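Starting from 1, each residue takes its place in the sequence as its number. Please read these numbers as outputs of a predicted model, since none were measured by experiment.
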Amino acid sequence: MTAESWHNLKVGDQIQLLKIPPVNFTQAEDTLQLYTMLVSNHIIVSVDRIDCWGRPVVSYCYNDLEGNEHAHALAIDEIDEWRKVT
């Protein structure tokens with residue numbers, strides 16, 4: 001489990017997601033794909049905003065094999081396992 005609380009994350013903090021959280025029926029397929037990409041490739045992301053519920057949000061953009069751009073955002077909370085990168 002992550003030692004530090006997600007409540008302590010602030011804009012500009014860099015984190016690495018360590019594990020894909022348990023899948024639930026409300027998660028979109030592209031959300032699971034994003035978690036898989038970030039975790040399996042050890043990608044470091046930055047908190048770019050705090051949402052209206054107080055959760056830190058990270059964004060990630062990438063191009064697929066056909067050159068199409070994809071932009072996604074993830075809110076970090078108690079189900080996520082991550083580490084802060086200094």
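A chain of hydrophobic side-chain contacts below 4.5 Å, direct or via other Ile, Leu, Val, Met, Phe, Trp or Tyr residues, connects Val11 to Trp6. When hydrophobic clusters are built by joining Ile, Leu, Val, Met, Phe, Trp and Tyr residues whose side-chain heavy atoms come closer than 4.5 Å, directly or via intermediates, Met37 is grouped together with Leu32. In the hydrophobic clustering of ILVMFWY residues, with side-chain heavy atoms under 4.5 Å counting as a link, Val57 and Val85 come out apart.
Here the CD1 atom belonging to Ile20 is positioned 9.5 Å from the CG atom belonging to Leu38, to the nearest 0.5 angstrom. To the nearest 0.5 angstrom, Ile15 atom CD1 is 11.5 Å from Glu81 atom CD. Here the straight-line distance linking atom CG of Leu17 with atom CG of Leu34 works out to 8.0 Å at 0.5 Å rounding. In this structure, NZ on Lys19 lies 11.0 Å from CD1 on Ile79, to the nearest 0.5 angstrom. Expressed to the nearest 0.5 Å, how far CG of Asn41 lies from OG1 of Thr36 amounts to 10.0 Å. Separation of atoms OG (Ser5) and CG (Asp77) is listed at 10.5 Å; rounding is to 0.5 Å.
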| field | Pair Gln16-Trp82, side-chain contact (heavy atoms from CB on, under 4.5 Å): steps then yes or no | value | CA-CA 5 Å; Gln16 179 182 20; Trp82 53 273; over 6 Å; no
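Glu4 and Asn8 make their closest contact through OE2-CB, 3.6 Å (heavy atoms, listed as atom of the first residue, atom of the second, distance). Nearest approach of Glu69 to Asn63, heavy atoms of both residues: CA-OD1, 3.3 Å.
Taking the six-membered ring for Trp and the full ring otherwise, Tyr62 and His70 have centroids separated by under 6.0 Å.
Between Lys84 and Gln14 the shortest side-chain heavy-atom distance does not fall below 4.5 Å. Considering only heavy atoms from C-beta on, Pro56 stays 4.5 Å or farther from His7 through its side chain. Annotation: side chain of Thr31 is in contact with side chain of Leu74 (closest heavy-atom distance under 4.5 Å). With a 4.5 Å cut-off on side-chain heavy atoms, Tyr35 and Asp80 count as touching.
Of the residues listed (Val45, Val47, Asp13, Val58), the one engaging Ile76 in a side-chain contact (heavy atoms from CB on, under 4.5 Å) is Val58, and it is the only one.
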